[in-house]
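Right, one structure below, let's go through it.
Side-chain atoms are counted along with the backbone in the values below, which use heavy atoms only and exclude waters and symmetry mates. Residue indices begin at 1 and follow the sequence shown. Everything numeric in this text was worked out from a predicted model, so none of it was measured.
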Amino acid sequence: GPVIARIEALRRGLGLLVAAVLAVAVAGCARQNPDVHLTIYAAASLRDALGVASAAYERVAPGTSMVIATDASATLRTQIEQGAPADVFLSADQGNPKVLVDGGFADGEAVDFARNTLVIVVPADNLAGVTSPLDLARAGLKIVAAGDQVPITTYARQVVTRLAALPGYPADFTAAYEANVVSMEGSVGAVVAKIELGEGDAALVYRTDALSASAVTVIEIPPEATVTATYAGVVLRASPERAAAHGFLDWLRGPDGVAILATFGFLPPP
């Protein structure tokens, strides 16, 4: 009868009200915790460390997912200049980020987030008998290096110049080193791979790459010839998630990010 009809109408109205309230609540949650997708372009030497760091950040920033693309820093910077859709660029030097800042591609200034040092690596069997940096100038030694556009090349040349100035090193040390270079690779990872395969006798690489390699022996560089590489990052102006990108970069250079990077051999930023 009429009473039952009114009860049914009331029930339907109450159901619609509950549905409306739930819709508003869900919409509010979506606004507060949107799904954020970040694409990080990073130097090849950061690959393993960022695999761990990105997973850790996704746990502390719910709703955030990350894709890490690694390559030589200069290669990535060029891709960004040509319109590649990255949110953050993490370089193995300060120079490539500065180019993006000066070119108007960055949202804000570049910030330092880590440092690295250089070591010499030789194949695990060390058939060439390399025992010190002095051997890098020995006639016939096969040195694997990186290309001119790869940041480590600048650092390696600085190391060689400093070694050449040490007592006991020949006047032609730099020229002899350069004469021994048999290949120039596109990234530090490629350099290490060639040494692991025995396709070269020695190479100057980042300590972090040496630590992650499985078939190399490390030879230290004297402290007075050591060069420290400073890694810098920028948020890109074209990113649709600039606030979230800044959040990740700030976290990476903060205590939690620095602690994770340290487990892979990176030093904290200056």
Search all heavy atoms of [X] against all heavy atoms of [Y] and return the closest pair with its distance.
X: I195; Y: A203; value: CG1-CB, 3.8 Å
X: V119; Y: A210; value: CG2-CB, 3.8 Å
X: F173; Y: L134; value: CE1-O, 3.9 Å
X: L46; Y: L90; value: CD1-CB, 3.8 Å

Tell me whether [X] shares a hydrophobic cluster with [Y], the cluster being built from Ile, Leu, Val, Met, Phe, Trp, Tyr side chains joined at under 4.5 Å.
X: V235; Y: I68; result: yes
X: V218; Y: L163; result: yes
X: M66; Y: L252; result: yes

Centroid-centroid under 6.0 Å between F248 and Y57 rings:
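That pair passes the under 6.0 Å test.
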Between F266 and F113 (judged by ring centroids, cut-off 6.0 Å), do the two rings come close enough to count as a pair?
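No, they do not, as the ring centres are separated by 6.0 Å or more.
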Look only at the side chain of [X] and the backbone of [Y], and say whether a donor-acceptor pair between them is shorter than 3.5 Å.
X: D135; Y: V130; answer: no
X: E241; Y: L38; answer: no
X: T226; Y: P222; answer: yes
X: T64; Y: V36; answer: no
X: E81; Y: L100; answer: no
X: T75; Y: D71; answer: no
X: R242; Y: R237; answer: yes
X: D209; Y: V205; answer: no
X: T70; Y: A42; answer: no

Before accepting this row, confirm whether a basic side-chain N of the pair K194/E185 lies closer than 4.0 Å to the acidic partner's carboxylate O.
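A salt bridge links K194 with E185.
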Classify the side-chain pair D87/H37 by whether it contains a donor and acceptor separated by less than 3.5 Å.
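No.
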Just by distance, with hydrogens left out, do Y155 and T228 show a side-chain donor and acceptor under 3.5 Å apart?
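Judged by distance alone, the side chains do not pair up.
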In residues 92-99, what donor-acceptor pairs under 3.5 Å come from side-chain atoms, sequence neighbours left out?
unit_1	atom_1	unit_2	atom_2	d
D93	OD1	S91	OG	2.5
D93	OD1	N96	N	3.3
D93	OD1	N96	ND2	3.3
D93	OD2	N96	ND2	3.1
Q94	NE2	D112	OD1	3.2
Q94	NE2	D112	OD2	3.3
N96	OD1	R77	NE	3.0
N96	OD1	R77	NH2	3.2
K98	NZ	D102	OD2	2.7

